[in-house]
Amino acid sequence: MKKIISKSWEPEKYEKKLYSTWESKGYFKPEINPEGEPYSIIMPPPNANGSLHLGHAVFVTLEDIMTRYARMQGKAALWLPGADHGGFETQIVFEKKLEKEGKSRFGMDRNELYRMMWDFSLENKSGMEDQLRKLGASCDWDREKFTLDEDIVKIVNETFVKLYNDGLVYQDLRPVNWCTKHQTSLSDLEVKYEEQTDPLYFVKYQISNIKYQKYKSKIKNSEYLTIATTRPETIFGDTAIAVSPNDKRFAELIGLSVKIPLTEIEIPVIADKMVDPKFGTGAVKITPAHDPNDFEAGKRHNLEIKEVIDQYGRLNEKAEPFAGLKIFEARRQVVEAMKEKGILEKVDENYIHTVGKCYKCGAVIEPRVSKQWYIAVNKKGKKSGKILAKDALEAVKTGKIKFVSEKFEKIFYHWLTNIRDWNISRQIVWGIRLPVWYRKSNIKDQISNVKNADQKSQNENTKNAISTREVGFDSSGVGDGEVSEVYVGINPPDGWIQETDVFDAWFSSGQWPFAALKAQSGLSSKVQKSKSPESSDDYQKFYPTAVMETGWDILFFWVARMIMLGLYETSQVPFKTVYLHGLVRDKDRQKMSKSKGNVIDPLGVAEQYGTDAVRLALVFGTSAGNDIVISEEKIRGMRNFTNKIWNASRFVLINISGGDIAAGEVGDIRIQNTEYSSEYLTEADQQVLKVHKVIKSKVIKYLENYQFSQAAELLYDFFWHDFCDSYIEASKQQLAPPRESTKKDTKVQNYKSEIATSQTTRHDGNNETMRQWDNEVSENTKKVLIKILSETLAMLHPFIPFVTEAVWQELREVYSELKKSIMISTWPK
RNA sequence: GCACCCGUAGCUUAGUGGUAGAGCAUUCGGUUUACAUCCGAAGGGUCGUCCGUUCGAGUCGGACCGGGUGCACCA
């Protein structure tokens, strides 16, 4: 009986079924190769706050290729899936969702809000798991972890406590990047600087000391000292005017005082090296509470930190009569008032400078002095002797960690050598609360303070505030309530109250490789995973992991932190290789964004063209570190290839089954002759075998070097052109049964005698010999077809798992020697 | 300002010392017999410019031109 399969590849009929078979048979588990060398990849846990986009599809494809390849090489391959709570990002998504539903977070307490976000995240998490399955991810679901799992949280807290006891965690009052929309501090990485044009105001400060007469003789119009500023609304917070110590123009003024316009408060004129005499007027106002440089200058000169802008980005009572106004409106009104009083000397409307903005909402970052928790990255641990940044740098320099592509090593060095301490506390609800505790008696007052502030903002219908600092420190920053007793540890003394700030989510995901594995091992947790008892020594077995594969855009956010925290906690590198992929762009090289309307939904196109087509489109023509250009046309092209595979297989199936070969006998097909010099192998046979052999070694070389695109393109080209266009075409003649020459068969017979002529020693014109030769050629052709097809399918499997498995299963029905799944078959050598 | 990357066919891009490759697009031809989600063929590149190293350079070095990115920052 001839085996005939449908005329085209219909992914929707197979994908789901195949995936659940793989999963239920345990093929995703490293235990499928119990004796194999351990190989592990920890999945970058997607934020559980939405659905997967093409960027996720990229990591799924690449990591799945690596995992499937390792597995087929007989390694105990573990790809450990996970999800991240996403901290700040998730809270933003959730806030938007609330807004859409016409709800407000006000009136909700912290616990209620947290619970809602928990449900929201779990729902998204389970949706994303389904999507990962749809994309063919061969990860071990029994080992899945979430960054808020009890055992993970415990590990994260323990690391914090260890850092604290080692002197590498500290709390400090200093200017932070404050987003007035989201009401939280941000790390330096979360601030994006943008160039913009703003007016530069030249403001006159009246010189109040009598000695100015002397000065007057030198400069015209000298009752005033003029400064240049972009932020006139902060003058209420001025505590000095600074000039350069080397600037002769102002030498006489140092030590005198000037009056702040509008308030008439006197402030000193000081000399500080930070001032560039060539900029503006050579004199600058110092506002320590609202500018990081001024804060430093203030420290040098013991100046008061006078805060005039609150957490909501409004002027406070110190700026009467402008109190309550938002920064922009305040600036407008202050400038008006200055104009009226004639103290605005001039305005340069075309001043270009860079402004820090919240990377998420684009709101201008307001530097505010606030108490936050920091990790010291350049300091030596007093117990461990470790230095976070330096040790990380060393690991890369000594080659313990390699980057693909290498160019990232330079970028990594540059960043790490300039790194500053990391602010890890966030004033949001969604995250892991710091294991920091305060004694109750000290914070009562503060609780009421903050409640009042919240009440106020609620009344004024301020949309974007979630104040979470119910305890610990009030949100006004400066003048934070004195908390005399602080305890950092997992188990607090009785009656103490926990800090409400939560960790920057990168602090927990920065521990992900060892945390996710240790949590499996139960090394740090009472919670033993009953699901996978065989994994009790996962950390021992799989750490350090083989590869960390992720996007280069989170090299600093995540990869650098994993290296630092991994080395700190485990004294080993968390991974030996870092493979960084690029950003996904459309065919015009544009970033994909909803507003541009050029977003391709990976699940949508997978539905339409098949998952395999999408995966292949994501590796074809791409390389590590470079952007990934994809278009629907490209996906369509790859769909054509999967269909080509299906149809070539259809041809092979039709020809190796049925006819004069019974299905049972096909099981014996084996290519014995490795040198391809059999007397019954035609030139076409030998040619394709020869090329195929070269392809096999090249593909291995490419995969070992993370050149996935190279491997895929080589296989694509070989399969389509060498195998289909050349060999299958030739095989049509070779498979034809020997028969009398007819008009119809002239072509075939001519071809045959052509081949036969090339095998002159075997061809003596005798019909019997000819028939014998024909049979042998035909038999060998079938063997060659099966060998080439099955081995090429195996090599293509990591890239396009579904169509290769579907065909494999069909092939198995006529050629029973194949392993029961291509997934667990042996890599062709 | 400091640093990094890129410039190859109309478009998107592989290729890192040995006679320029692919996909898409274009043009022409074919195709009842695995596949029109197909087959065959063609056109199209002085590999940004210049100089150098080398028997030999898209590939290594230098300068320049053009495009992009990261980090830091001046009121």
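By convention in this document, chain letters (A, B, ...) are assigned in the order of the sequence lines, proteins followed by strands, and residues within each chain are numbered from 1.
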(message) Counting only heavy atoms and a strict 4.0 angstrom limit, can you tell me which residues of residues 636-645 of chain A come near RNA chain B?
(response) A/R639, A/N640, A/N643, A/K644
(request) Apply side chain to side chain contact (heavy atoms under 4.5 Å, CB included) to A/I254 and list each qualifying residue two or more places apart in sequence or on a separate chain. (result) A/V243, A/A271
(request) Using the closest heavy atom to pick a nucleotide of RNA chain B for each, name whichever of A/F620 or A/V355 lands nearer the 5' end. (result) A/F620
Check: residues 350-358 of chain A side-chain donor-acceptor pairs under 3.5 Å, at least two apart:
from: A/H353; atom 1: NE2; to: A/D198; atom 2: OD2; distance (Å): 2.8
from: A/K357; atom 1: NZ; to: A/E194; atom 2: OE1; distance (Å): 3.2
from: A/K357; atom 1: NZ; to: A/Q196; atom 2: OE1; distance (Å): 3.0

(message) So A/K278, base contact, sugar-phosphate only, or nothing? Heavy-atom distance under 4.0 Å.
(response) nothing
Test of understanding: with side chain to side chain donor-acceptor pair (under 3.5 Å), list the residues that count as partners of [X], not counting sequence neighbours.
| X | result |
| --- | --- |
| A/E349 | none |
| A/S790 | none |
| A/D421 | A/Y170 |
| A/K13 | A/E10 |

(request) Take A/R639 and A/E633, measure what salt bridge (charged side-chain N to carboxylate O under 4.0 Å, His left out) needs, and give me the verdict at the end. (result) CA-CA 10 Å; A/R639 185 273 316 267; A/E633 294 87 80; over 6 Å; no
Side-chain donor-acceptor contacts of residues 403-413 of chain A below 3.5 Å, not counting sequence neighbours, with atom names and distances?
from: A/E409; atom 1: OE2; to: A/F403; atom 2: N; distance (Å): 3.4

Output one line per pair: protein atom, nucleotide atom from nucleotides 7-17 of chain B, and distance, for all N/O pairs under 3.5 Å.
from: B/U13; atom 1: OP1; to: A/R589; atom 2: NE; distance (Å): 2.3
from: B/U13; atom 1: OP1; to: A/R589; atom 2: NH2; distance (Å): 3.0
from: B/U13; atom 1: OP2; to: A/R589; atom 2: NE; distance (Å): 3.3
from: B/U13; atom 1: O2'; to: A/G621; atom 2: O; distance (Å): 3.1
from: B/A14; atom 1: OP1; to: A/S623; atom 2: OG; distance (Å): 3.1
from: B/A14; atom 1: OP1; to: A/N626; atom 2: ND2; distance (Å): 3.3
from: B/A14; atom 1: O2'; to: A/Q710; atom 2: OE1; distance (Å): 2.2

(message) Suppose we define a pair by two distances each less than 3.5 Å, Watson-Crick or G-U wobble; what does B/A3 pair with here?
(response) B/U69
(request) Could you tell me which nucleotide pairs with B/A41 by Watson-Crick or G-U wobble geometry, both distances under 3.5 Å, or answer none if nothing does? (result) B/U27
